[in-house]
Amino acid sequence: MLSKSSKITRPEYLKMLPELASPMTVRIKFVKKGKLQYISHLDLQRTFNRILMRSGLPVWYTKGFNPHAKLVFSTPLSVGTQSECEFLDLRFDREMPCEDIKRMLNAELTDEMYALDVYIPSTKFSEIAFCEYEYEIFADSVSEEFAGELEKLFTTSPLTLVKKSKSGEREIDVVPLIKSVSVGYNKESGSIRMNAVLCAETENFLNPEMLVTAIKTKYGILTAENPAEWYSITRKKSLKSDMTEFR
Amino acid sequence: MNKNISTILKSVSKPGRYSGGEYGQIIKDKKDIKARFAFCFPDTYEIGMSNLGVRILYGVLNEADDVWCERVYTPWIDMQEQMRKHNIPLTACESGDELTAFDMIGFTLQYEMSYTNVLNMLDLAGIPLRSEERDDSMPIIIGGGPCAYNPEPVADFFDLFNIGEGEEMLPELCRLYIRMKDEGRYTKAEYLHEAARSIEGIYVPSLYEVSYNEDGTVKEYKPKYDDIPKTVRKRIMKDMDKSYFPKKVVMPYIETVHDRVMLEVFRGCIRGCRFCQAGIIYRPVREKSPETLNEQAKCLFESTGYDEISLTSLSISDYTELEALTDMLLEWTDENMVSLSLPSLRVDSFTKELMEKIASVRSSSLTFAPEAGTQRLRDVINKNVREEDLLRAVNVAFEAGKNKVKLYFMQGLPTETNEDLEGIAKLASSVVDAYYKCPTRNKARQPQVTISVSCFIPKPFTPFQWVAQDSLETLVEKQEYLGSKVTDRKVVYTHHDAKVSRIEAVLARGDRRLSKALEIACREGFMFDAWDECFDYDKWISVIERSGLDAAFYANREFALDEVLPWDIIDCGVTKEFLIREYKNAHNEKTTPNCREKCSGCGANRLGGERSCCPKAAK
Ligand code: SF4
């Protein structure tokens, strides 16, 4: 078994592994939650570069003046959203069992961001059509009725919101981008639990935060004015167009 | 982190500053802990996380099983607004606990303009500002860092100061605290007295009474007890090879200012530029051996994954084993895709060989610091750089295809005339000319020479500590004059805000009475004064006046050589006689050789030191 301490300098340690004729792609499914939800995509990329460096994994680096690893992430995740199903594709230039990769990666990670699964992928990120999110909402005014109201809000077209994108801002009706939504009220915790399946294709990507924006605008709750009210969003699953889970 | 603040975190800029949870942070079980230490950096997370001193002291304090050191940074303005609005106190990164739950709170004082942030942080934590207002239940407030060499302007707020290097002092302070608590004899007063008496380098300002002359200058410092030192001598780490080194560091997720391995090659500087405080207070030079450094670099690379190693020390090219070190490093860095960088270069040591080894030098822009525009003035400040050296250095760069050069200067230096100012513009133009004269230059590009000019600030423990800063009007006039002399269109002229430099001078040479002004400043919401967008000169002048003081007394007065200086209570190892000698040499335009050429008997050798620059280092 390989352990990190066998790494004197990287190349020497790597020589023990069988070399591959062409780089192999490995997919990492990972969790990003808790404090890590506040880390932006750009920061995550830089962080992963360092994680890979210190992990001692046989990552394939581009040749040339400024060698770098090729990191390909799946669906964007905005700051303030947690996830239990992030995907990252990496290329390796030496053969290594997936369990070893997972173990070595997790040695460099924390309990708020860690690899769930490492495998050789047989799908493309472009096959992701939807993402399923779980919302939890705490506010004084929430109730059984409010849950029903929310469900109506997100199923009655049009629900017009401003969508920001690279090409600027435009108003869109978000209801067609909501595949399904179910809202419940949890008496014990006094919170709203909402489950929503949203469009995740590149052109029609619906940021889950948009639903919270709709709630904020309509009911005036969940703003920084009252920090006792709070919400969390967690991406639970990525789905293909036939609604089977993406892997 | 408290769940309740998530709504706020989602509303502020860069929430990653406050979320914590970094890889490498140290979490301990509170039930094993006898002393909790909050290490505060009074500026943003991005700046604080880049500080090497914090990395070292965080590590050294956490070495003890019964001590837990955590980090605290100043929340940015938008976050502070939310915290104040919703009564959310300042908390530490690791545990998320309020600062009042700690036994000790340490602030590193890196620059004078961060003083308002120190007070602001205490206030956000609900801790009374003044030492005398805090009872035995409150944490002990500790100050350290370069500004602690003249701690007087903030003396009323701190319980004690660390003078010098903290690797041993801070753990000693914790041990004493734990011992007194265990023995059931802890009171704040007893603790402070015992620390002042038994731990070298500890200055407890409340144990010294200051009296003033009629003209406002200090008359004397009188210790309240016979058993505490009359002057407090700084502590140093004698053997840098044996000195504590953090094998792991906290890895920030968000981008910070210096996001790389920082390899401290040596402490101190052999040069002795007469305006430079760091060049004096960190004396004597103590080097690490290249073998140690190579091991430490490898260790940090493996534990962090950083792809850049920066050799951080003042004037790094003065390292006696630079070649051996870079050769050792290059043996493994290249194949691991790690690059080397140097933060500071001297023109006289800038060679083609060095350039090829160091990645940062591979970038298109190079930075040098001639500091003054004429040889005469460079002799006055003892910056032993000749114009030929500079032109030779830029030529090396131009030959290698570079086209951008940045030059640092100071204006307002003692004895400066218009000719010296004009010399800055001329020197910049000669660099432009050198570009066109260089046959192998990159002909596709135009040269770009940036001159960045700061204002001279007289700093404690420098040969210029007595010198009056130019008046604000003169500083501004000089800036304009220099601007009018920069006619070369390939030269870009930038300068610092003279108003900030004036307030910095006030705080740098201030005495204890300034605590009052700082207290008012804090009450009136001053913060982030090192940041242009926050600094307000008129408000500063107003609080100084309202505390019955005069900014000119501190900034623009020539201090007498025989007057008692507010920082005379501190002994930085370098003698006042040496500083006076250097002050006189400056006025005679006489240079002093660097420590390797010839020892000038500054007195720092009395502190001892392994692999030091002193021929007669104390054992
Ligand atoms: S004692 Fe001499 S060699 Fe040592 S720091 Fe002072 S001047 Fe330099």
NZ (B:K443) with more than 12 external heavy atoms under 6.0 Å: yes
Heavy-atom neighbours of A:Q45 CD exceed 12 at 6.0 Å: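 Atom CD in A:Q45 is packed in, count exceeds 12.
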Ion pair B:E46/B:K14, N-O distance below 4.0 Å: yes
Pairing of B:E22 and B:R71 as salt bridge, 4.0 angstrom limit: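 The answer is yes: the pair qualifies as a salt bridge.
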Of the backbone (N, CA, C, O) and the side chain (C-beta and beyond), which part of [X] lies under 4.5 Å from a heavy atom of chain B, both, or neither?
| X | result |
| --- | --- |
| A:L36 | side chain |
| A:T223 | backbone |
| A:L222 | backbone |
| A:F138 | neither |

Contacting region of B:E255 [heavy-atom separation from chain A under 4.5 Å]: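 When you check distances to chain A, atoms from both the backbone and side chain of B:E255 fall under 4.5 Å.
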Near-ring test A:F30/A:F48, centroid separation under 6.0 angstrom: yes
Between B:V12, B:D307, B:D259, the one whose heavy-atom pairs under 4.5 Å with chain A are most numerous: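 Maximum pair count with chain A is reached by B:D259.
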